[in-house]
Peer 1: 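Submitted below is the structure of interest, expressed as structure tokens.
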2 protein chains.
Amino acid sequence: MKTPVLLALLKEKGYKLTAQRQAILAALRYLGERASAKEIYEELCKEKPAISLDTVYRNLRLLAEIGIVQQILLQSGTVFELTDDGHHHHHLVCVDCEKVVCIPYCPESCAYTEQARAAGFAVLGHLFEVYGRCTACQQK
Amino acid sequence: MKTPVLLALLKEKGYKLTAQRQAILAALRYLGERASAKEIYEELCKEKPAISLDTVYRNLRLLAEIGIVQQILLQSGTVFELTDDGHHHHHLVCVDCEKVVCIPYCPESCAYTEQARAAGFAVLGHLFEVYGRCTACQQK
DNA sequence: TCAGTAAATAAGAATATTACTATTTAGAAA
DNA sequence: TTTCTAAATAGTAATATTCTTATTTACTGA
């Protein structure tokens, strides 16, 4: 995610490009695919001046809203992942070891939007995660 | 949910039928379709002896695991709903007023299980919620 | 460039949720 | 019925997440 692109996405909704937002994205990139709010916070605390924990949470929520990151709900808590292509996707999550595998499948393509329209809802988004047991954990 | 049925579902996994579990279900029924852990806790605190908050959370998680209740993630927090027929379903959630509408649609019926199998995952369940704006909130 | 304004931040308080541990209890089996 | 044992509970501590408020800052337009 290049800064001009981020700026455009933010500006679209009246949000501002701040050093903290860029730092959060940089930390997420640095930490690898996925990280919890606390991990990002701790990474950024190494810098001076340190960021506020609330700012990390607030911005991860905002970045998720504009589609730059995605939230994944594990048993042990919530982690965030970059969606570099801007297109969201979903996950298979192992309930034992918490291994996460991305799947290209998205229920958007199925017919639920019909039902939403019938109920008078304007669909904005959805949450979809599949839980199961990975190959390794099935052996145990 | 009649007690014998609940007992059978619990026994199946080695869980016990406790007064607290029955009280939580009774409270949920009494409070209407949906309630938060705190609402259930406060309702049960009117009784003597009062229940522990931890017990409410722990058992709502367990009841969700065996399919008697379902968790719905709202912006303002998590609420629980009875699934009287034992078959789960999903929801349209208004992000403004938090009105919830049940929808019969379930992504289980779509092809994601194929992908899960290919990745070596044994699917246990899934989370699916649709967020949008209801008719009333679209007028605002 | 400079001033004005809405948005964002930091810091700490408040709330929500989960974990820990000693004690109690439901259900199994004698 | 009595005993035994794993599961469950209460109470409290710990952690995760969100809210509140005073202050700072990014962008806008002159």
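Reminder, nothing fancy here: chain letters follow the sequence lines and each chain counts from 1. Owing to the predicted nature of the structure, the values given are computational and were not obtained by experimental measurement.
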Peer 1: Are A/Leu82 and A/Leu7 connected in the hydrophobic side-chain network, where two residues link if heavy atoms are under 4.5 Å apart?
Peer 2: yes

Peer 1: For B/Glu98, give me all partners under side chain to side chain donor-acceptor pair (under 3.5 Å), at least two apart in sequence or on another chain.
Peer 2: B/Ser76

Peer 1: Can you measure from CD1 (B/Ile68) to CZ (B/Arg21) and round to the nearest 0.5 angstrom?
Peer 2: 10.0 Å

Peer 1: Could you list all the ring pair (Phe, Tyr, Trp, His ring centres under 6.0 Å) pairs where at least one residue sits in residues 116-140 of chain B, not counting sequence neighbours?
Peer 2: A/Tyr112-B/Phe128, A/Phe128-B/Phe128, B/His88-B/His126, B/His90-B/His126, B/His90-B/Phe128, B/Tyr105-B/Phe128

Peer 1: Could you tell me the separation between the CG atom of B/Leu10 and the P atom of D/dA8, rounded to a whole number of Å?
Peer 2: 8 Å

Peer 1: Can you pull every protein N or O that's under 3.5 Å from an N or O on nucleotides 10-14 of chain D?
Peer 2:
| from | atom 1 | to | atom 2 | distance (Å) |
| --- | --- | --- | --- | --- |
| D/dA10 | OP1 | B/Gln20 | NE2 | 3.3 |
| D/dA10 | OP2 | B/Ser52 | N | 3.1 |
| D/dA10 | OP2 | B/Thr55 | OG1 | 2.7 |
| D/dG11 | O6 | B/Asp54 | OD2 | 3.4 |

Peer 1: Rounded to the nearest Å, what distance is computed from the CZ atom of residue B/Arg61 to the P atom of nucleotide D/dT9?
Peer 2: 12 Å

Peer 1: Holding to salt bridge (charged side-chain N to carboxylate O under 4.0 Å, His left out), I want the full list of residues that pass it with B/Glu43, two or more places apart in sequence or in another chain.
Peer 2: B/Lys46

Peer 1: Take the protein atom CG of A/Leu62 and the nucleotide atom P of D/dC19, then report the distance between them rounded to whole Å.
Peer 2: 14 Å

Peer 1: With a 4.0 Å limit, can you tell me whether B/Thr78 has a side-chain N or O closer than that to the phosphate oxygens OP1/OP2 of C/dT17?
Peer 2: yes

Peer 1: Taking only side-chain nitrogens and oxygens of B/Tyr57, does any of them come within less than 4.0 Å of OP1 or OP2 of C/dT18?
Peer 2: no

Peer 1: I need the CD1-P distance between B/Ile40 and C/dA16, as an integer number of Å.
Peer 2: 14 Å

Peer 1: Let me know the distance between CZ of A/Arg21 and C1' of D/dT25, rounded to the nearest Å.
Peer 2: 11 Å

Peer 1: Report the secondary structure of DNA chain D in dot-bracket form, marking unpaired bases with a dot and bases paired to a different strand with |, and treating Watson-Crick or G-U pairs with both distances under 3.5 Å as paired.
Peer 2: ||||||||||||||||||||||||||||||

Peer 1: Map B/Ser76 and A/Val56 onto DNA chain C by nearest heavy atom, then report which one ends up closer to the 5' terminus.
Peer 2: A/Val56

Peer 1: Only counting residues at least two apart or in another chain, list the ones meeting side-chain contact (heavy atoms from CB on, under 4.5 Å) with B/Gln71.
Peer 2: B/Thr78, B/Phe80

Peer 1: Could you walk me through whether B/His91 and B/Glu81 pass side chain to side chain donor-acceptor pair (under 3.5 Å), step by step?
Peer 2: CA-CA 11 Å; B/His91 306 91; B/Glu81 168 181 80; 2.7 Å; yes

Peer 1: Is any side-chain heavy atom of B/Leu63 closer than 4.5 Å to a side-chain heavy atom of B/Arg61?
Peer 2: no

Peer 1: Report yes or no: do B/Leu31 and B/Leu74 belong to one cluster of Ile/Leu/Val/Met/Phe/Trp/Tyr joined by side chain heavy-atom distances under 4.5 Å?
Peer 2: no

Peer 1: So, using ring pair (Phe, Tyr, Trp, His ring centres under 6.0 Å) as the criterion, who are the partners of B/Tyr41 when residues are at least two apart?
Peer 2: none

Peer 1: Could you tell me which residues satisfy side chain to side chain donor-acceptor pair (under 3.5 Å) with B/Thr55, sequence neighbours excluded, listed by chain and number?
Peer 2: B/Arg58

Peer 1: Mind checking what makes salt bridge (charged side-chain N to carboxylate O under 4.0 Å, His left out) contact with A/Glu47, not counting sequence neighbours?
Peer 2: none

Peer 1: How long is the line joining OH of A/Tyr41 and C1' of D/dT15, in whole Å?
Peer 2: 14 Å

Peer 1: Does A/Lys38 have any salt bridge (charged side-chain N to carboxylate O under 4.0 Å, His left out) partners at least two apart in sequence or in another chain, and if so, which?
Peer 2: A/Glu42

Peer 1: Please tabulate, one pair per line, each protein N/O and nucleotide N/O from nucleotides 27-30 of chain C that are separated by under 3.5 Å, including the distance.
Peer 2:
| from | atom 1 | to | atom 2 | distance (Å) |
| --- | --- | --- | --- | --- |
| C/dG27 | OP1 | B/Leu17 | N | 2.9 |

Peer 1: Please report, rounded to the nearest Å, how far the C1' atom of D/dA8 is from the CG atom of B/Leu63.
Peer 2: 13 Å

Peer 1: In residues 30-38 of chain B, which residues come under 4.0 Å of DNA chain C by heavy atom?
Peer 2: B/Lys38

Peer 1: Among B/Leu25, B/Ile24, B/Val79, B/Asn59, find the residue that satisfies the side chain to side chain contact (heavy atoms under 4.5 Å, CB included) test when tested with B/Ile40.
Peer 2: B/Ile24

Peer 1: Round to the nearest Å and state the distance from B/Ile66 atom CD1 to D/dA7 atom C1'.
Peer 2: 14 Å

